[in-house]
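Here the structure is laid out as structure tokens; the discussion comes afterwards.
What you are looking at is a predicted structure, and each value in this text was computed from that prediction instead of being measured.
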Amino acid sequence: SSNEHKLNFKKSKEACLSYIQDALLQKQWKRSAEFLTCYVESLEKDYSREHIGPSEMIWRIGTEILWHHSQSNVKEFSCFMEQMKTLGVKRYLKVCLEHVFRLLCNGHIDEAYQNLSLAESWRFGEQTAIQDKEMKLIQAYRGLLDYCSWSKQKNILLEHGEDGFSDLAVEREMHSYFRKAAVNLKEIIKIPGVWDVFVKCYVDLLEFYGDHNEARQVLNEYAYNSKFPANPNAHVYLYQFLERQGESKKSLISALKILHDIVPSHELMIDFNTMLQKSKKRKKRRLGLEVIFAALDYAGWKENAKAWSCLARQMKQIVISEKHLDWIKQEWNSRKDWWPGFHFSRYLAKRNWQENKSLSYEKALVAGILLGKDCKYFKYVSHQGCKAQLKRFRMLKKFVTRHNPVYLRISG
Amino acid sequence: RDFNERCAQCSEVNWGLTDGGRFYCRSCHNVTERTREVVNTDFITNARVQTISKGSRKQAENDGGCEWYVCEGFQLVLKKQVEALEALGVCPQMKDEVLCNFWRCYLQKTKQAYCKRPAGETVKALSVCESSTDVDSDPERPSLLHLLSLSESEGDLQTDCSFASSVSKVSESTSVYSGSVDGSLYLMKNQKEKLRMTMPMTLSFCYMALLWVREPITLSELLRFVVEGHIPYLNIFQHFPEKMKLCGLDLKIFCVESWPVYEEVFNKMHELAAFLDLPRFPDITESCFLHPDMLCMKYLMEANLPDELHNWTCRVVKKTGIGEVDFLTLTPGNKSKRKVKYDVLAAAIIVVVLKLLFLLDDHYEWLLSEFAEERNKNNTEVCLFYSGGPYFEFKKWYEVVKHSLDVEQKKLDEERAKYQWRCEKPLFYSVKNKSKVLKRRQMVVNLQNQFGKLSGSVRRAEKPNPSSFQLSWSEENTDGSCFHGHSLKGILQEKCGLLTAMNPDYWLCTVKLCNEKLCGHLAHYKEVEFPQSYHFVLGLFSFLLRIQPSYIHDEVCMIEHKLFNKKLCKKLKYNTVLRK
């Protein structure tokens, strides 16, 4: 006889889990709590052969429910987390981290700090070594909270400083927080990973105390060490630091070059292009054109007037000088099939004109050069502009008409 | 003995006792229904029942517990179950006269009691370890893990690592393997020789007793009552007295983590009846509840079908001979006779009748329904009153029943998912993991409280009252959702003074029956191979009886082959439609 339909403990709990899952996906917190109540007795059975055991299920599901349920509060949540910590030694630090994370989200900084300190002092035989990574994270977050305290003290100090008071106690505390924070933050950023928050805070500390060398080293490591995952933010932080330090344009440009390679649509591309345009070196100017064209490939930039003005400016300059028209041709080659529909449709002409005249002006200039004076976009905008008797549009029309042969050379 | 009545046949007073515990006249061998007064079936301390030579009985070590044997445990289980049945309305004779004697007969046959030399004599009770060093060195003694693997069911308990870890510690100490004296021996016994008692088998005993006194409870109902908690089964050890400590291997025997399956209980019951050498059971006659005429009436009501269909079920029963006393009554040991599942049989008869009248080929029944609908529209109230109820519309019936069925099925599915298997009384394999078990239990209770509060609704504390009907339909409902009084006149015609169905066709579920002994079924049911209406009807009864549709399908095939026996002998082609 077939026993597949035989209802037993295991099947019953599997069914229970699928009800919980459905309820969670539909954000029915009461219902999922109802079924979870029925599921918890699984803890009394051994599931060591399964991939995920009931204790982990209950931890994860219970956390979600308590987090979202309207009737639950932080106290209950903490009580639950404490129980979960006792359930699985192999997971202890992970549960601690999650607990802390949730507390921080709710603004319970002090309680979070307490939990972090407690977790830091946890020892459990060989598990301590196995969970080393989690421990580093715990220390890092504690360092982060120390940084927050440092920051607070710093602000107090600055305020008092303005008033002419000097508060030694506050200063001492501030330094003590600095030391605690620095130690932990330094440790975590040694490990390859994405540590934006930690890096920023650490660099802030270093800069305040004047250790710019260390700061530069840290940022360089973070951005250029191949062991670390590719992280555009690393380059942004480095660039911003270099900027603050008043570094040469050369180093700034090299920092942003990589950012352009990774994220061509990054908002710093405008700054980048501006820097490059002004450069005396031909290669840099060439790069600048590439950069701004690349940025405008992205939909998020379509209505960025500043970007269009950068492009327009550079193109205008090239056209007037009649040098390096091949640059424009090169850039336009891969775009001539789709940019017209993407940027220069008649619909967009109308909309741009209605919503943002500056935008339409810049775009019209670009369109006029790339597509000639007879293209839809240019025709509409310049016509509207002249009708509205705006001077710059008349100038625009004259300019494009005069340089129309350029278009022919580009498109040929 | 004490029985002093005169024999009805020979008027002598010369009584003896049969194996079944009944008195028989030694002069004329007339067996009576009278049985010996029942011995107190309460828990017997100190196991007077067995005489086993043993070493020192370490009673003090069990901290207040006493020695008990596995069969005593089962005796207690049976007692509790039959008391529950009594509370449901079963006659008290079942407990005192029937079940008790069955049980004693069983004990006797398996040589656990009531005999001169019980098999337990050779038991070197493993629960009493004379010296710790012997445990490993003794080659005869099976390892604990081996014992665990022998048990056929409840595989989940095997994987409990907390037990496995304590096994390794066993050799170092004199920890108790089982609370019962012969727990380990029990699991070791060769199952093929004798029927070893299991928890599902307790239900076989109950069912056997119910059948003997012909109580109006079918096996499917009995099992449903078990699942609903009206009859103790799960966590029954809760009812064991404090002195009877349950631990170690006892858990494998007494703690179940799955619901009993109809087939299993049914087959075991028959094995048991044969094993106990029981005579032919009391006759199942037409006035018995278990007779298909009666059961069909019940199921027709529950399925919300017209009462008029009952004539048809009776006709089918008569034509196929499945209403005969000899067919229905259980004769243990008669292997050639088919074992009758009364509830499934009744359901199958109704299915066959529906096929006869409505064909159920996903076309004809809807056609008939449309006709009926038309006629109902045209009829006035007065017409309806005189002609006895509106025309039965299959479509309406389907919609109403499907809706209710879906609702109930959904409820049942949720109940199954929410089922609580554990109880307050904790189980531990050994004293060593007791504290761990208790801690876990405490945590479970805490979590249940915490999330229970967030559930919003109050969980119902008591179980609903046991009822024989799962679906009920009231004629008082004005929405026309009760079809009992509806008429079949739209689909019947008169031929030669006899009412026959207008439907001239019939399709057989299968042309050839399988050999049940080889593959376990008479036919193999696959939903996709049959009409949706047929599947629906099977599904309806499958829900009511809580069994797989394939079992009902088997009975349907069996009935069809009896019904159309003559035509089948003419060797028709596969899956041809028959002309009636």
* Does Lys13(A) come within less than 4.0 Å of Glu257(B), counting only side-chain N to carboxylate O? ->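 Between Glu257(B) and Lys13(A) there is no salt bridge, as every charged N stays at least 4.0 Å from the carboxylate O atoms.
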* Identify whether the distance between the nearest side-chain nitrogen and carboxylate oxygen of Glu34(A) and Lys418(B) falls below 4.0 Å. =>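 Looking at Lys418(B) together with Glu34(A), the answer is yes, because their closest N to O distance falls below 4.0 Å.
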* Results of side-chain hydrogen bond (donor to acceptor under 3.5 Å, both in side chains) for Trp421(B) - residues two or more places apart only ->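 Here the qualifying residues are Ser12(A).
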* Under 6.0 Å between the ring centres of Tyr419(B) and Phe9(A)? ->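 Ring centres of Phe9(A) and Tyr419(B) not closer than 6.0 Å.
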* To the nearest 0.5 Å, how far apart are NZ in Lys30(A) and CZ in Phe451(B)? ->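 So the NZ of Lys30(A) and the CZ of Phe451(B) are separated by 15.5 Å.
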* To do: Calculate, to the nearest 0.5 Å, the distance between atoms CD and OG belonging to Gln71(A) and Ser455(B) respectively.
  =>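 Result: 9.5 Å between the selected atoms.
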* **Options Leu17(A), Ile65(A), Leu66(A), ranked by heavy-atom pairs under 4.5 Å with chain B, top entry** =>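 The candidate making the most pairs under 4.5 Å is Leu66(A).
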* Heavy-atom distance under 4.5 Å to chain B: side chain of Thr86(A), backbone, both or neither? ->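 The side chain, not the backbone.
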* Asked: Can you list the steps and then say if Met443(B) with Leu87(A) is a side chain to side chain contact (heavy atoms under 4.5 Å, CB included)?
  -> CA-CA 9 Å; Met443(B) 175 166 304; Leu87(A) 263 188; 3.4 Å; yes
* What pairs with Trp59(A) under ring pair (Phe, Tyr, Trp, His ring centres under 6.0 Å), at least two apart in sequence or on another chain? ->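 Counting only residues at least two positions away or on another chain, Trp59(A) forms no ring pair (Phe, Tyr, Trp, His ring centres under 6.0 Å).
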N/O donor-acceptor pair under 3.5 Å between [X] side chain and [Y] backbone:
X: Glu44(A); Y: Val444(B); value: no
X: Gln420(B); Y: Cys38(A); value: yes
X: Glu41(A); Y: Arg422(B); value: yes

* To do: Select all residues of residues 119-147 of chain A having any heavy atom within less than 4.5 Å of some heavy atom of chain B, and report them by number, or 'none'.
  =>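 Contacts with chain B: none.
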* To do: Could you tell me which residues satisfy salt bridge (charged side-chain N to carboxylate O under 4.0 Å, His left out) with Lys94(A), sequence neighbours excluded, listed by chain and number?
  =>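 Result, salt bridge (charged side-chain N to carboxylate O under 4.0 Å, His left out) vs Lys94(A): none returned.
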* **Toward chain A, the part of Asp413(B) with a non-hydrogen atom under 4.5 Å** =>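 For Asp413(B), heavy atoms of backbone and side chain both lie under 4.5 Å from chain A.
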* Tell me, side chain or backbone of Lys439(B) under 4.5 Å from chain A's heavy atoms, or both, or neither? ->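 Neither; nothing under 4.5 Å.
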* Asked: Is any side-chain heavy atom of Gln450(B) closer than 4.5 Å to a side-chain heavy atom of Leu36(A)?
  ->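 A side-chain contact under 4.5 Å is absent here.
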* Asked: Does the side chain of Leu447(B) come within less than 4.5 Å of Leu43(A)'s, by heavy atoms?
  ->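 A side-chain contact exists here, since the closest heavy-atom pair is under 4.5 Å.
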* **Cys16(A) versus Ala417(B), closest heavy-atom pair with distance** =>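 For Cys16(A) and Ala417(B), the tightest heavy-atom pair comes out as CB-O, 3.2 Å.
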* Asked: Looking at Glu414(B), Lys453(B), Arg416(B), which has the largest count of heavy-atom pairs under 4.5 Å with chain A?
  ->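 Among the listed options, the one with the most contacts to chain A is Glu414(B).
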* **Residues Val40(A), Val445(B); criterion side chain to side chain contact (heavy atoms under 4.5 Å, CB included); working and verdict** => CA-CA 9 Å; Val40(A) 294; Val445(B) 168; over 6 Å; no
